[in-house]
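Step one of this worksheet: look at the structure below.
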Protein chains: 2
Amino acid sequence: MSNNSAIVILTKHGLKITPQRIAILDVILNLKEHPTAETICNYLRPGYPNLSIATIYKTLDTFAQKGIIRKVLSETDTMRYDGVAEKHHHLYNTGSGRIEDYYDEGLNKIVENYLKNKKIPNFTIEDFKLQIFGKFRDNGNK
Amino acid sequence: MSNNSAIVILTKHGLKITPQRIAILDVILNLKEHPTAETICNYLRPGYPNLSIATIYKTLDTFAQKGIIRKVLSETDTMRYDGVAEKHHHLYNTGSGRIEDYYDEGLNKIVENYLKNKKIPNFTIEDFKLQIFGKFRDNGNK
DNA sequence: TACTATATAATAATGATTATCAATTATAAA
DNA sequence: TTTATAATTGATAATCATTATTATATAGTA
Ligand SMILES: [Mn+2]
Ligand SMILES: [Mn+2]
Ligand SMILES: [Zn+2]
Ligand SMILES: [Zn+2]
């Protein structure tokens, strides 16, 4: 039960267990679409009519600070959130807001290795991420 | 004279030559720091006291649409603009807003080649960009 | 020089996010 | 189990980057 894993995660990070945090964490971990705060709100409103959008923002920020989730930059003025905390890259559908995860350990190794030899002057690399732009061949969404 | 090259570029893209466009293009092409609209405004206000921030936004957007400049996503809620239109990557200084260009044709080739063989299912790649996060070893700016 | 479409400046509006703060609640101590 | 207390939440106001509006000014052209 995903509900349970949310509690485990909250506990592990020393966060108080609240119904709002459980619900929000549950959604962000199971949704694959890099939702906005607003999207998450829409998912949860039926079950939590009083859930405040401010609480969602604050909670997502708390999770991101703990490293439970990540923030994803988008083309528009809207922050997207990512339930996947492990290293991965993103496929951006040009023109629409669709963003999908892209895992590629082989690519990681190749780039990592290249950059290790390259030694960028005056800069110490901590991490890198690929933004891959293009078009999904299935349409069916904006 | 950079002033002149601005006029050439505007002409090439069929844009009317105005003092504002010349000034804005001149700044964005010569500034290496991926400025915000506000930063550009501050640079130009001494010479153009009536220059409107709305004009700057609209002008930058026009330039971006023509492919003369690019928009750069940043960690904060503020759009950054990039006078370099050619393919390149970015070094993000974690914690501060500093963003610097990173050109690496070798890296481009390697990744390009890797992805060409890889064939991501259901996705046609148009372009890719690396976000490299880390720390600049010279401090001296935020 | 005069005409017309376009650009600009001033300012209002928008929309995402953050701040504020009183009321509620999760946790731990008694 | 009750109580105490610090943290969280919800309601709402404020902020701030960006966009829309519109009257005026101007670049390009005849
Ligand atoms: Mn905004
Ligand atoms: Mn914003
Ligand atoms: Zn992701
Ligand atoms: Zn750049």
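Source: prediction; values computed, not measured. Below, chains carry the letters A, B, ... as their sequence lines are ordered, and counting in each starts from 1.
Applying the 4.0 Å criterion to OP1 and OP2 of C/dG15, one finds that A/T78 has every side-chain N and O outside that range. Side-chain N/O atoms of B/Q20 include none lying less than 4.0 angstrom from OP1 or OP2 on D/dT26.
Counting heavy atoms from C-beta outward, B/R80 and B/H90 have side chains that stay 4.5 Å or more apart.
Taking a 4.0 Å limit (strictly below) on heavy-atom distances, residues 53-66 of chain A reaches DNA chain C at A/A54, A/Y57.
Contacts of A/P19 with the nucleic acid, taken as non-hydrogen atoms under 4.0 Å apart, involve only primed sugar atoms and P, OP1 or OP2.
In this structure, CD of B/E38 is placed 11 Å from C1' of D/dT18, rounded to the nearest angstrom. In this structure, the NE2 atom of B/H13 is 19 Å from the C1' atom of C/dT6, given to the nearest Å. The interatomic distance linking A/N50 (CG) with C/dT24 (C1') rounds to 12 Å, in whole Å. As a whole-Å value, the separation of A/L10 CG from C/dA26 P is 13 Å. Atom CD1 in B/I17 sits about 13 Å away from atom C1' in C/dT6, given to the nearest Å. If you take CG of B/L51 and P of C/dA10, they are 9 Å apart, rounded to a whole angstrom. Separating the CG atom of B/L15 from the C1' atom of D/dG28 is a distance of 13 Å, rounded to the nearest angstrom. In this structure, B/I22 places its CD1 atom 13 Å from C1' of C/dA7, rounding to the nearest Å.
Taken from CZ in A/F133 to CG in A/L91, the straight-line distance is 10.5 Å, to the nearest 0.5 Å.
Nearest-nucleotide assignment on DNA chain D puts the 5′-proximal partner with B/M79, out of B/K16 and B/M79.
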Derivation of the side-chain hydrogen bond (donor to acceptor under 3.5 Å, both in side chains) call for B/E126 and A/T94: CA-CA 9 Å; B/E126 291 168 357; A/T94 49; 3.3 Å; yes
